[in-house]
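The shown structure was predicted, so the numbers you read here are calculated from the model rather than taken from an experiment. Atoms within each ligand, like the ligands themselves, are counted from 1 in listed order.
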Amino acid sequence: MTKEELDSLMDTQWAGRNIVYYDSVDSTNLRIKQMGDEGAPEGTLAVADKQTAGRGRRGRSWDSPSGSSIYMSLLLRPKIEPDQAPMLTLVMALSVAEGIMDCGDSCGNPDVKIKWPNDIVYQGKKLCGILTEMSADMDQIHYVIVGIGINVQMTDFPKEIQNTATSLKLVTGKTLLRNELLAKVLEEFEVLYEQFVSAESLKNLKAEYESRLANKDNRVNVLAPSGAWQGICLGIKEDGALLVQREDGNVEEVIAGEVSVRGIYGYV
Ligand code: BTN
């Protein structure tokens, strides 16, 4: 993966048109944050072969060895309200899932799913994580950083995630080129992002997202701070909340961040 290869493959108008490539970096999210503060344009993309301080959600780290995965962060300056920004994570999750499907045979055509709100999974294990961060005032977004880690050719995972993580190489046996997938994800994202920003909701993406939603119409465990409960996962709302029907028939809107939702048999 090189900047020149990425530049030549990128078939987008603005997303990933200004690529900053690192052989090794602390975290692409941190680099994009700095570029955001310095006024870099929307669509600026940081890509690294290796991260020394990769960051995951909920303060976790993200294992980021060289030569095997995609680590990238995209700078966005959407004209939406700050409380709408979390929906961008769902837009990116859908773009990654579609990008993987677009790679077709070279990727082994795995029928990947989205574990709401934003993990990409295959057969019960995680292939990709997304970390969205924002700089904003009460009423105005300065910029949003969407950071994506995709396990492409990784075969060794740290002990803590061995049972829950996998890679495209492990699930398909194929050696997919990282730059090909990266370019497909950004092509998908550019289209879906524009649909999202113009509607200021996920209304145009809802059906496509639900077609990839793991556990749709199945029983799920909702792990909320107030206690765990079970219900049937019905789909998502236009604002990104997950709709789960309780045994008494009531439909709850589950908001990302506060809770974790799993199938009843494990991580996904
Ligand atoms: C998760 O915990 O599921 C989110 C992981 C996000 C990892 C990516 S890798 C590229 C970008 N830079 C980071 O430091 N984190 C994100």
Quiz item: In terms of atom number and element, which parts of ligand 1 are under 4.0 angstrom from non-hydrogen atoms of G54?
Solution: 14 (O)

Practice problem: Would you mind running through ligand 1 and noting each atom that sits below 4.0 Å from a heavy atom of K126? | Solution: 1 (C), 3 (O)

Quiz item: So which of V251, I236, I232 actually passes side chain to side chain contact (heavy atoms under 4.5 Å, CB included) with L243?
Solution: V251

Quiz item: Looking only at protein heavy atoms, which one is nearest to atom 6 (C) of ligand 1, and how far off is it?
Solution: R55 O, 3.6 Å

Quiz item: For the hydrophobic clusters of this structure (ILVMFWY residues joined by side-chain heavy atoms under 4.5 Å, transitively), does one cluster hold both V185 and F196?
Solution: yes

Quiz item: Going by distance alone, is a donor N or O of one side chain under 3.5 Å from an acceptor N or O of the other, for H142 and D37?
Solution: no

Exercise. Would you mind checking if K184 and E188 are paired as a salt bridge, meaning a charged N to carboxylate O distance below 4.0 Å?
Key: no

Practice problem: Drop me the distance from L182's CG to I19's CD1, to the nearest 0.5 angstrom. | Solution: 7.0 Å

Quiz item: Tell me, which protein residue and heavy-atom name are nearest atom 12 (N) of ligand 1, and how many Å apart are they?
Solution: Q51 OE1, 2.9 Å

Quiz prompt | Residue from V146, T132, N118 passing side chain to side chain contact (heavy atoms under 4.5 Å, CB included) with M92 | solution = V146

Quiz item: Is it the side chain, the backbone, both or neither of L30 that has a heavy atom closer than 4.0 Å to ligand 1?
Solution: neither

Quiz prompt | S68/Q153 under side-chain hydrogen bond (donor to acceptor under 3.5 Å, both in side chains): CA gap, chis, key distance, verdict | solution = CA-CA 5 Å; S68 62; Q153 288 156 32; over 6 Å; no

Practice problem: State if R60 counts as touching ligand 1 under the rule of any non-hydrogen atom under 4.0 Å. | Solution: no

Quiz item: Should you measure from each heavy atom of T28, which atoms of ligand 1 turn up under 4.0 Å away?
Solution: 10 (C), 11 (C), 12 (N)

Quiz item: By number and element, which atoms of ligand 1 are closer than 4.0 Å to a non-hydrogen atom of I130?
Solution: 3 (O), 4 (C)

Quiz item: Between R57, E133, R58, which one has a non-hydrogen atom sitting closest to atom 1 (C) of ligand 1?
Solution: R57

Self-check item: Which residue and heavy atom of the protein sit nearest atom 5 (C) of ligand 1, plus the separation
Solution: W62 CE3, 3.3 Å

Quiz prompt | Atoms of ligand 1 close to S27 [distance to a heavy atom under 4.0 angstrom, numbered from 1] | solution = 12 (N), 13 (C), 14 (O)

Quiz prompt | Sole residue of K125, R262, K113, K126 in salt bridge (charged side-chain N to carboxylate O under 4.0 Å, His left out) with D119 | solution = K126

